[in-house]
Protein chains: 2
Amino acid sequence: MKKVATADRVLSILRLFTTERPEWTVDDVGAELRLSASTAYEYVGCLVGAGLLVAGRTGHYTVGPAAIELDRIARRVDPLTRNARAILRKLVEESGAGTIGLLCRLYRLQVMCVDEYSINPPAIQTSYERGRPMPLIRGSASKAILVNLPARTLRRFFDLEREAVAAMGLGRDWEAFKAETRRLRRSAPLISIGELDAGALGVSAPVFGENDLILGSIGLVLAAEAVREDPARVEILKMLVGSAGQAVTCALRSP
Amino acid sequence: MKKVATADRVLSILRLFTTERPEWTVDDVGAELRLSASTAYEYVGCLVGAGLLVAGRTGHYTVGPAAIELDRIARRVDPLTRNARAILRKLVEESGAGTIGLLCRLYRLQVMCVDEYSINPPAIQTSYERGRPMPLIRGSASKAILVNLPARTLRRFFDLEREAVAAMGLGRDWEAFKAETRRLRRSAPLISIGELDAGALGVSAPVFGENDLILGSIGLVLAAEAVREDPARVEILKMLVGSAGQAVTCALRSP
DNA sequence: GCAAAATTCCTAATATCTCGGAATTTTGCT
DNA sequence: AGCAAAATTCCGAGATATTAGGAATTTTGC
């Protein structure tokens, strides 16, 4: 698709702002994007005008309030978030102590957590966090999505991430990978242990949109420790998560 | 400041997306902004490329995941949010049942709630909500900021909102308004009842940045009902909120 | 599988952007 | 308060990218 080159360059500035480097000077932006100082000022000025950036300490720019405002709009309008909110809460309540509920969404061959809920969070490190893009290949919340991708998309992913797929033991060639995803797809909901965070156990089920395309996943994270001696609880959690996934899929079809 | 006209027009599209109207077709965008169809597609394409918009139902665009991602970055980097988080939680815990804690920030003569926290929320309607811009003139969270604006800014606000100021009984001319704000500034923390939501009572204290400029406010909202017969509790809440405000101001200076 | 809607493609006149450097304002510091 | 340094705005002209409109193509809804 044809784009507007100038606007594109201006917007590309936004991508510089990350959690690792959330503050930029105009000079640094200009240096990074090979812009003259005056042009860098014009570009940054546009984003400041839109509220996407704000000047903090003089010369230092950070993400602005428009982001917070847009986030609120996104939260309120996104059908997945809306339909899943109540189900996610109920899932966490029924799952017992020490669990975190996650609602994730597929976006450009990545996974983004769009909602999280917890009553008494476990004392473990969790990578999934609202607004943080995650790889599609590791962790149950991701894999629940990955293995349900349409063949065409799966293939594109495989070609892109061949090494990562092999490293995760999901197959050295396309045929093996296809077989492995088929196997995992059948064993839903998915469980993963320590793939993203040591000591964390994830249980996730896929969520599908109206057209039966995979949309995202819903699931729980808890300390692996907590269920080591308790395989029965894991079975219960799998059941709860599985029906939560179906409930969300169902809710997305009806209203 | 000079801007890039094209990029500015592209970014102006974002402003069309509101909670009232969170979904737009390319045609409607084009009609609203007087753009040809092809140009509208180019513009929208830029924003889609940046992840700020996504196509949902075909032809219908909504706010995209980049907004969620940027929101996370904003939350993690904003010194106000970071320094106030723990204080806000403690404030709510100590304030007893049925309160909502709010952290608000001044932005372009408006007020935006940037964090909220509650243990057992009261069953009242509250307008302040994370990410929602609010007027600077109504509600304790806003007024706590308003009355602490530097004279120059206050004047600008008065000239802009002369009618609203008069309607709120804050003075019919600049001198009266100045006197009234001085009076309110001295009686911090501020209390308001039902200014934004009928039946809601707000208590808020100002928060200042390193340079002693007003940055925002911290406070509580609860059902007016809950303290009607209990003036002593109101006094306690004022004290708690007041010290929370000072604590945040202090925290912002030190680290 | 068809009609309608959505989206992409095309081109050339032209409106706009970009740059360097100078001018000006703001800031940090004593 | 006042000074030097940094940040930001201003400027104009050559170079470049943008735009409209309609046609072509793809996708969607039924």
Side-chain angles (χ1 to χ4, degrees), chain A residues 1-13 16 23-62 64 79 108 150 152-153 156 208-213 215 252-253, chain B residues 1-13 16 23-50 52-62 64 79 108 150-153 156 208-213 215 252-253:
Chain A
M1 181 205 321
K2 196 171 147 194
K3 302 251 203 78
V4 183
T6 309
D8 235 36
R9 279 194 298 268
V10 170
L11 285 168
S12 76
I13 292 179
L16 298 178
E23 222 179 81
W24 288 76
T25 67
V26 175
D27 267 0
D28 289 346
V29 169
E32 186 72 24
L33 270 45
R34 310 290 176 86
L35 305 167
S36 72
S38 38
T39 303
Y41 273 103
E42 286 191 21
Y43 283 11
V44 169
C46 282
L47 294 168
V48 170
L52 288 166
L53 296 182
V54 273
R57 269 186 303 137
T58 43
H60 295 251
Y61 289 80
T62 57
R108 290 188 184 171
R152 172 180 309 260
T153 316
R156 189 153 52 92
F208 299 90
E210 330 179 45
N211 40 18
D212 279 328
L213 283 174
L215 245 185
L252 282 164
R253 278 179 229 266
Chain B
M1 178 205 320
K2 195 169 145 196
K3 300 250 205 82
V4 182
T6 309
D8 234 34
R9 279 193 299 266
V10 170
L11 285 168
S12 74
I13 292 178
L16 299 177
E23 223 179 81
W24 288 74
T25 66
V26 175
D27 268 1
D28 290 347
V29 169
E32 186 72 24
L33 270 46
R34 310 291 175 86
L35 305 167
S36 72
S38 41
T39 304
Y41 273 104
E42 286 190 20
Y43 282 13
V44 169
C46 282
L47 294 168
V48 170
L52 289 166
L53 297 182
V54 272
R57 269 187 302 138
T58 43
H60 295 251
Y61 289 81
T62 57
R108 290 191 183 168
R152 171 182 310 261
T153 316
R156 189 153 52 89
F208 300 89
E210 330 179 46
N211 40 18
D212 279 325
L213 282 174
L215 243 185
L252 282 165
R253 276 179 230 267

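Every chain is numbered from 1 and lettered A, B, ... according to where its sequence line falls, protein lines coming before strand lines.
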[X] [atom1] to [N] [atom2], straight-line distance once rounded to whole Å:
{"X": "A:K3", "N": "C:dC9", "atom1": "NZ", "atom2": "P", "result": "12 Å"}
{"X": "B:D27", "N": "D:dA20", "atom1": "CG", "atom2": "P", "result": "14 Å"}
{"X": "B:D8", "N": "D:dT19", "atom1": "CG", "atom2": "P", "result": "12 Å"}
{"X": "A:W24", "N": "D:dA7", "atom1": "CH2", "atom2": "C1'", "result": "18 Å"}
{"X": "A:R57", "N": "C:dT26", "atom1": "CZ", "atom2": "C1'", "result": "16 Å"}

(message) Are there runs of at least three consecutive Watson-Crick or G-U pairs touching DNA chain D, with each pair's two distances under 3.5 angstrom? Give them by first number.
(response)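 For DNA chain D the paired stretches long enough to count as stems (3 pairs minimum) are C:1-30 with D:1-30.
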(request) Output the residues of residues 32-47 of chain B in contact with DNA chain D, where contact means a heavy atom of the residue under 4.0 Å from an atom of the strand; sort by number or write none. (result)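 Within residues 32-47 of chain B, the residues near DNA chain D are B:S36, B:S38, B:T39, B:E42, B:Y43.
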(request) Ignoring backbone atoms, establish whether A:Y61 has a side-chain N or O less than 4.0 Å from OP1 or OP2 of D:dA7. (result)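 It does not, given that no N or O in the side chain of A:Y61 lies less than 4.0 Å from OP1 or OP2 of D:dA7.
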(request) Would you mind telling me which residue lines up with the more 5' stretch of DNA chain D, A:A7 or A:A55, judged by nearest nucleotide? (result)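 The 5'-side residue here is A:A55.
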(request) Kindly indicate whether the side chain of B:L11, heavy atoms from C-beta on, has any atom under 4.5 Å from the side chain of A:L47. (result)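 Yes, side chains in contact.
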(request) Spell out, as yes or no, whether a donor-acceptor pair under 3.5 Å connects the side chain of A:W24 to the backbone of A:L16. (result)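 Such a contact is found between A:W24 side chain and A:L16 backbone.
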Quick one: which protein N/O atoms are closer than 3.5 Å to N/O atoms of nucleotides 11-16 of chain C? Pair and distance per line, please.
from, atom 1, to, atom 2, distance (Å)
C:dT11, O4, A:K2, NZ, 3.4

